[in-house]
**Q** 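Once you've had a glance at the structure underneath, I'll fire off some questions.
Along the sequence shown, residues carry numbers from 1. Just so you know, ligand 1 is whichever comes first in the structure, and atom 1 is the first atom listed for that ligand.
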Amino acid sequence: MEVDVPGPEARVAIVTGAARGIGAAVATRLAQDGLAVALLDLDEDRCAEPAAKITAAGGTALAVGVDVSDGTAVDRAVQRVADELGAPTVLVNNAGILRDNLLFKMTEDDWDAVLGVHLKGTFLMSRAVQRFQVEARWGRIVNLSSISALGNRGQANYSAAKAGIQGLTKTLAIELGKFGITANAIAPGFIATDMTAATAARVGADFEDFKKAAALTIPVGRVGTPEDIAHTASFLVSEGAGFVSGQVVYVAGGPKD
Ligand code: NAP
């Protein structure tokens with residue numbers, strides 16, 4: 001059978017929120033898979049460290065500072081990636097923040113900030129990148145949702161954003177499929193990162209105790225690592241995953257929905 005697609009070495013990927021945590025692990029894994037990777041985050045200097053590690057290991061990486069909730073800045077950043085690395089055809093929307101509070105204490109700012117980064121940011125980045133994907137007649141979009149999409153106390157803003165990302169993902173899959181573009185979401189459970197460390201600190205728990213308590217509720221008996229998510233992203237981005245689209249993959253050490 002003839003296979004007429006360029007190899008992964010021809011691909012350029014953008015990973016948002018790539019300065020640390022899950023985003024840094026995904027960027028590193030995609031570089032190991034042979035993709036050139038643009039690491040986007042609020043602070044370009046903080047992306048420089050994971051980008052330098054990728055470059056030192058023989059990969060291709062570019063650090064770009066951008067606020068994903070700002071449409072003008074997003075368009076400029078995506079164009080910079082295209083100019084410096086080549087047309088981006090892989091996008092991992094991972095940037096995120098938490099502003100947890102019970103509903104009666106949640107401010108409009110808490111709501112707008114979380115919806116702005118997660119949901120609007122995913123929309124803006126996808127809109128900016130899709131034109132390169134459509135032109136290439138090939139693309140992969142992977143959006144970070146969460147098990148909190150199913151509802152979580154203290155996270156009205158975050159759970160709404162993460163559920164919204166699932167609907168957005170399915171719509172992207174429907175609209176963009178005819179151009180050879182897939183869109184899928186990963187919904188992680190508890191992953192040990194600065195984000196979950198901050199949650200532990202907010203509730204006054206020691207992070208090690210917090211992780212041990214979480215592991216007791218997880219069927220595989222441990223919390224997740226950023227590499228667990230990177231492995232799933234690697235699959236969804238791969239050449240062979242072109243018939244997997246519009247899916248939400250719960251990566252949570254057990255069933256969730
Ligand atoms: P993290 O360690 O807090 O990293 C998130 C990164 O996103 C940070 O570098 C942050 O920069 C950046 N960021 C925030 N706002 C941004 C903006 N407006 N524009 C660009 N970058 C921005 O988080 P993580 O734990 O790796 O989580 C990554 C993703 O997975 C998030 O979408 C999160 O909701 C999702 N997720 C995580 C878990 C978990 O258990 N960790 C579970 C489910 C889903 P600053 O440091 O400057 O804010």
Side-chain angles (χ1 to χ4, degrees), residues 14-29 38-51 63-78 81 91-100 112-125 128 142-152 155 157-166 168-169 185-202 207 210-211 213-215 217-218 222-230 232-233 248-253 256:
I14 291 178
V15 182
T16 70
R20 66 181 193 206
I22 293 169
V26 170
T28 303
R29 175 60 188 265
L39 295 91
L40 274 58
D41 209 295
L42 278 175
D43 183 350
E44 185 165 322
D45 290 344
R46 287 186 46 236
C47 286
E49 192 191 320
V64 178
V66 66
D67 176 352
V68 297
S69 66
D70 174 342
T72 306
V74 161
D75 290 346
R76 202 184 308 124
V78 171
V81 174
L91 171 63
V92 180
N93 283 304
N94 165 85
I97 58 169
L98 292 180
R99 295 286 184 274
D100 293 357
D112 289 343
V114 168
L115 272 287
V117 176
H118 291 274
L119 191 51
K120 186 180 175 193
T122 298
F123 154 65
L124 291 172
M125 286 296 309
V142 176
N143 297 325
L144 268 290
S145 178
S146 166
I147 57 170
S148 295
L150 303 170
N152 197 28
Q155 293 196 317
N157 49 2
Y158 185 78
S159 62
K162 292 307 199 185
I165 282 174
Q166 296 191 9
L168 173 60
T169 301
I186 299 173
F190 188 118
I191 309 296
T193 67
D194 290 348
M195 185 178 270
T196 37
T199 300
R202 198 177 61 83
F207 191 38
F210 196 63
K211 285 189 284 187
T217 70
I218 298 172
R222 66 169 177 89
V223 299
T225 65
E227 289 70 29
D228 288 319
I229 304 307
T232 309
V248 179
V249 184
Y250 283 86
V251 182
K256 279 295 164 191

**Q** Using a 4.0 Å cut-off on heavy atoms, what residues surround ligand 1? Order them by chain and number.
**A**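 Within 4.0 Å of ligand 1, protein side: Gly17, Ala19, Arg20, Gly21, Ile22, Asp41, Leu42, Arg46, Val66, Asp67, Val68, Asn94, Ala95, Gly96, Ile97, Val117, His118, Leu144, Ser145, Ser146, Tyr158, Lys162, Pro188, Gly189, Phe190, Ile191, Thr193, Asp194, Met195, Thr196.
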**Q** Taking C-beta and beyond as the side chain, do Thr16 and Asn93 meet within less than 4.5 Å on heavy atoms?
**A**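 Thr16 reaches Asn93 side chain to side chain.
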**Q** Can you give me the closest heavy-atom contact between Ile22 and Leu144, atom names plus distance?
**A**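 Scanning both residues, the minimum pair turns out to be CG2-CD1, 4.5 Å.
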**Q** Are side-chain N/O atoms of Thr122 and Asn143 paired as donor and acceptor at under 3.5 Å?
**A**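 Side chains of Thr122 and Asn143: no pair found under 3.5 Å.
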**Q** Can you tell if the side chain of Lys162 reaches within under 4.5 Å of the side chain of Ile165, non-hydrogen atoms only?
**A**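 Yes, their side chains come closer than 4.5 Å.
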**Q** Using residues 186-193 as the side-chain source, report each donor-acceptor pair under 3.5 Å to any protein atom, sequence neighbours left out, with the distance given to one decimal.
**A**
unit_1	atom_1	unit_2	atom_2	d
Thr193	OG1	Met195	N	3.1

**Q** Decide yes or no for Leu98 and Val114: does some side-chain heavy atom of the first lie under 4.5 Å from some side-chain heavy atom of the second?
**A**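 Leu98 does not reach Val114 side chain to side chain.
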